Visitor: 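Provided herewith is a single structure, encoded as structure tokens, for subsequent inquiry.
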Protein chains: 2
Amino acid sequence: MDDSEFEHLLRSADLRVTRPRLAVLRAVRRHPHADTGSVLAAVRVEEPNVSHQAVYDVLGALTDSGLVRRIQPAGSAARYELRVGDNHHHVVCRSCGRVADVDCAVGHRPCLTASAADGFVIDEAEVTYWGTCAECASAPAAT
Amino acid sequence: MDDSEFEHLLRSADLRVTRPRLAVLRAVRRHPHADTGSVLAAVRVEEPNVSHQAVYDVLGALTDSGLVRRIQPAGSAARYELRVGDNHHHVVCRSCGRVADVDCAVGHRPCLTASAADGFVIDEAEVTYWGTCAECASAPAAT
DNA sequence: CCGGCTTTCTTGAACGAGTCAAGTCTTGCT
DNA sequence: AGCAAGACTTGACTCGTTCAAGAAAGCCGG
């Protein structure tokens, strides 16, 4: 039980330590890339009385303070993961929506050296790979 | 009037040539990165009787046949552009949501050489840059 | 040029993710 | 323990998008 670790994370981000927050952190750790609904479901296994709004609030607060990372592939609801700060990217399965981590191919911030940027000041480059996951590749015409 | 060009595009994609479709193509050409609502509004300037559903259908059909490209930055509704097939990317302004094109920094498909992909077969790499546009940078606390 | 088959469009309802707002409960500090 | 700010609950609501059924138009063969 390393809830104490989560507790420190929260405190270091100036966030109060509450049962819903710990439950959300555990849920996200257990289910990487889970969308809000799944996080809510996972949270309610341990804390049945947490409202959906609380989960939205908590995920928002955690995202704002950088404790979790939010990703939002086109056509999917927001998803969350604990793995932050290592500049990794994601592969998304076109047929089932599954998401997996991909370590950055380049090693350093990829393509962050965008050339003509139209006056924009760029602070992050996000790479999303699209393809087909192993399961969907072997089961072509599912559902 | 190069509607004839759009007409050819449609025919070559096995799509019937209709007034709504031509209007949508013109609207997307005129307003790159416009979201569905803006496209609908632009379409109705020329064709006031087009339903919102028609626009969704048309944009869907055009996207499926590769005549337009759909992008969906996190936190934004779907946006469309005519510029396809040249592997360019996008910068999104964090504060106003504005989108601009960025030519691929690497030249060739960037980072498409994803290493460990967990069994995924990758067919596309999409890069989204996040930052602040010139206007928002100069007008810090707008709105 | 016309019928007829198919695709596309219109109308109207529905859905899901996410947000807003008001009031109550907790946490962390003193 | 007691207080103030922050966090949670409840419930309504918005917005983008999709579903469904029927009417209308495009395209092909004759």
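Source: prediction; values computed, not measured. Chain identifiers are assigned alphabetically (A, B, ...) following the order of the sequence lines, protein sequences preceding nucleic acid strands; residue numbering begins at 1 within each chain. The figures that follow rest on heavy atoms only: side chains count, while hydrogens, waters and symmetry mates do not.
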Visitor: Within the 4.0 Å heavy-atom criterion, would you say A61(B) contacts the bases, only the backbone, or no part of the nucleic acid?
Guide: nothing
Visitor: Measure from the side-chain heavy atoms of Q53(B) and tell me the nearest of dC9(C), dT10(C), dT9(D).
Guide: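 Taking heavy atoms from C-beta onward, the closest nucleotide is dT10(C).
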Visitor: On DNA chain D, nearest-nucleotide positions of R19(B) versus Y56(B): which is more 5'?
Guide: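 That would be Y56(B).
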Visitor: Taking donor-acceptor contacts at under 3.5 Å, does the side chain of R21(B) reach the base of dT8(C)?
Guide: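 When only heavy-atom distances are counted, R21(B) does not reach the base of dT8(C) through any donor-acceptor pair under 3.5 Å.
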Visitor: Round to the nearest Å and state the distance from L15(A) atom CG to dC8(D) atom C1'.
Guide: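 Taking atom C1' of dC8(D) as the reference, CG of L15(A) is at 14 Å.
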Visitor: Should E5(B) and E7(B) count as side-chain neighbours, where that means a heavy-atom distance under 4.5 Å?
Guide: no
Visitor: Return the nearest nucleotide to the side chain of H52(B); candidates are dT11(C), dG16(D), dA17(C).
Guide: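 Nearest to the side-chain atoms of H52(B), counting from C-beta on, is dT11(C).
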Visitor: L22(A) CG to dA7(D) P: how many Å, rounded?
Guide: 13 Å
Visitor: Have a look at D35(A) and say if it touches a base, only the backbone sugar-phosphate, or nothing, with a 4.0 Å heavy-atom cut-off.
Guide: nothing
Visitor: For the side chain of R11(B), counting heavy atoms from C-beta on, which of dG12(C), dC27(D), dT9(D) is nearest?
Guide: dC27(D)
Visitor: Apply side chain to side chain donor-acceptor pair (under 3.5 Å) to E81(B) and H88(B), showing your working.
Guide: CA-CA 11 Å; E81(B) 65 184 354; H88(B) 71 277; 3.1 Å; yes
Visitor: Are the charged groups of R19(A) and E46(A) less than 4.0 angstrom apart, N to O?
Guide: no
Visitor: Give a yes/no on whether any side-chain N or O of R16(B) is located under 4.0 angstrom from OP1 or OP2 of dC9(C).
Guide: no
Visitor: For T18(B), answer base if it contacts any base atom (sugar-phosphate contacts may also be present), sugar-phosphate if it contacts only those atoms, and nothing otherwise; contact means non-hydrogen atoms under 4.0 Å.
Guide: sugar-phosphate
Visitor: Heavy atoms, side chains only, cut-off 4.5 Å: are Y129(B) and H89(B) in contact?
Guide: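 The answer is yes, as the side chains (C-beta and beyond) meet within the 4.5 Å cut-off.
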